[in-house]
Amino acid sequence: MQETYFLHGLMRHLPDKIYFKDRESRFLCINYELAKQFGLHDTIEAAGKTDADFFTAEHASQARADELAILNGQPIVAREEEETWPDGHTTWASTTKLPLRDDQGEIIGTFGLSRDITAQKKAEQEKKRLEDQLLQIRKLEAIGRLASGVAHDFNNLLTVIMGRLQMAPRRSSLELAQTDLDTALQACQRAADLTQQLLAYGRLQKTSLGEVDINQLVRGILLTLRSYAGEGVELQTDLDTELWTARFDPSQAEQILLNLVANARDALPDRRGRIQIRTRNVERKAGEPLYPTLAGDQFVMLQVMDNGTGMPPEVTEKLFEPFFTTKELGHGLGLASAYGMVQDAGGSIRVDSAPGQG
């Protein structure tokens with residue numbers, strides 16, 4: 001008697017929807033909340049009816065498939081489902097369906113509990129819409145920063161080129177004119193390098209992989225690297241004399257090294273300090289998690305280290321993201337393109353830094 005009283009209270013007052021069905025998916029009993037949802041005056045009016053009397057054919061078919069699965073031995077069906085009603089309006093429900101058994105434990109039907117989560121779903125959809133909108137805004141901002149940074153760089157280079165070419169014919173000596181032409185040519189090369197970075201970021205640059213002696217590469221562009229580093233920077237090298245060769249595109253390897261040195265230079269206070277370029281053979285031992293994304297056990301490591309101010313974690317996490325930069329006039333392509341080139345060659349690139357540790 002007491003159990004009947006409790007069940008009656010549950011069926012009348014629970015805000016969730018409860019139903020009991022026979023093996024043919026006909027309603028045996030429903031609670032007051034579900035009767036109200038169906039537009040019925042009394043719960044008894046649902047007896048003998050099926051989902052097809054209240055929902056669309058598609059929804060009723062899915063409900064029948066769930067109940068057949070339970071009748072055939074599946075212990076539970078739980079899902080979030082969109083309910084489309086005959087009048088066209090839709091709701092969302094979190095539904096759990098279970099087998100209905102008699103006193104002997106035989107399955108004689110199904111029963112289920114359904115909770116309306118329409119408001120929750122709408123909130124999730126609105127959140128997703130706002131997140132997508134924010135992402136789109138950030139993409140537009142990133143494109144704006146890229147355009148601004150590239151335009152600034154090209155404008156500076158064009159200023160140098162035009163100025164030197166205008167001055168060369170007016171020089172009093174061939175030597176001075178040649179100096180102007182050399183300077184203009186160097187500016188053209190830097191513009192070409194910037195274009196290569198843009199192509200590398202967009203993955204439009206063709207690569208030509210081959211066996212590369214990284215030590216030889218470093219020595220070959222050392223003067224250029226010293227120029228990149230600037231007069232206030234002491235550029236050191238520590239090259240492994242027994243270094244293995246690496247499979248890479250030589251021109252991309254040069255660009256990566258130039259980008260890393262330029263980034264290290266900008267990390268130094270007033271562009272004064274020390275930058276060291278190191279090469280090492282690295283052999284992974286069995287079970288060692290070193291560079292888990294790389295195939296094989298033998299690698300050539302190229303390190304560029306500086307004694308600058310270092311970076312906090314929130315900066316290092318974004319360091320290789322395109323368009324991310326902490327520089328006032330930077331475009332954020334240097335490290336992003338380096339990352340892309342290393343990945344394309346099957347390598348791995350990472351940063352180790354902390355405030356005060358370079």
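Source: prediction; values computed, not measured.
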Between F38 and F27, does the ring centroid distance fall short of 6.0 Å?
yes
At their closest point, which heavy atom of V160 faces which heavy atom of T183, and how far apart are they?
CG1-CG2, 3.9 Å
Nearest heavy-atom pair of R272 and L268: which atoms, and what distance?
O-CB, 3.6 Å
Kindly determine whether D213 and T245 satisfy side-chain hydrogen bond (donor to acceptor under 3.5 Å, both in side chains), including the steps that lead there.
CA-CA 5 Å; D213 183 335; T245 58; over 6 Å; no
Is it true that S94 and R115 share a donor-acceptor pair across their side chains at a distance under 3.5 Å?
no
Judged by modelled atom types alone, do E124 and Q120 share a side-chain donor-acceptor pair under 3.5 Å?
yes
Is a salt bridge present between D306 and R274, judged by a nitrogen-to-oxygen distance below 4.0 Å?
no
Can you list every pair that meets salt bridge (Lys or Arg N to Asp or Glu O under 4.0 Å) and has a residue in residues 214-234, with sequence neighbours left out?
none
Connected to L223, directly or through other members, by ILVMFWY side-chain contacts below 4.5 Å are none
Does Q216 CD have over 12 foreign heavy atoms under 6.0 Å away?
no
Side chain to side chain donor-acceptor pair (under 3.5 Å) partner of E83, chosen from T56, T118, T90, T91
T91
Using the rule side chain to side chain contact (heavy atoms under 4.5 Å, CB included), only one of Q136, E131, R129 pairs with Q133; which is it?
R129
Residues sharing V77's hydrophobic cluster, by side-chain heavy-atom contacts under 4.5 Å among ILVMFWY, directly or via others?
I70
Salt bridge (Lys or Arg N to Asp or Glu O under 4.0 Å) pairs touching residues 179-188, sequence neighbours excluded, are R164-D180, R171-D180
For I277 against L239, the heavy-atom pair lying closest together
O-CD2, 4.1 Å
Heavy atoms of D240 and T279 approach each other most closely as N-OG1, 3.0 Å
Test item: V351 and M311 side chains (from C-beta on) under 4.5 Å apart, heavy atoms:
yes
More than 12 non-hydrogen atoms from neighbouring residues, nucleotides or ligands closer than 6.0 Å to CD on E175, yes or no?
no
What are the two closest heavy atoms between V342 and S348, and how far apart are they?
CG1-N, 3.4 Å
A side-chain contact here means heavy atoms from C-beta on lying under 4.5 Å apart; do E24 and T50 qualify?
no
Who passes side chain to side chain donor-acceptor pair (under 3.5 Å) against E81, sequence neighbours left out?
T95
Would you say that more than 12 heavy atoms from the other residues, nucleotides or ligands in this model lie under 6.0 Å from the CD of Q298, or not?
yes
Can you tell if the side chain of R280 reaches within under 4.5 Å of the side chain of Q303, non-hydrogen atoms only?
no
Sequence neighbours excluded, the answer for salt bridge (charged side-chain N to carboxylate O under 4.0 Å, His left out) partners of D66 is R79, K97
I'd like to know if D51 and K21 make a salt bridge, using a cut-off of under 4.0 Å between side-chain N and carboxylate O.
yes
Which atom of I214 lies closest to which atom of V300, heavy atoms considered:
CG1-CG1, 4.1 Å
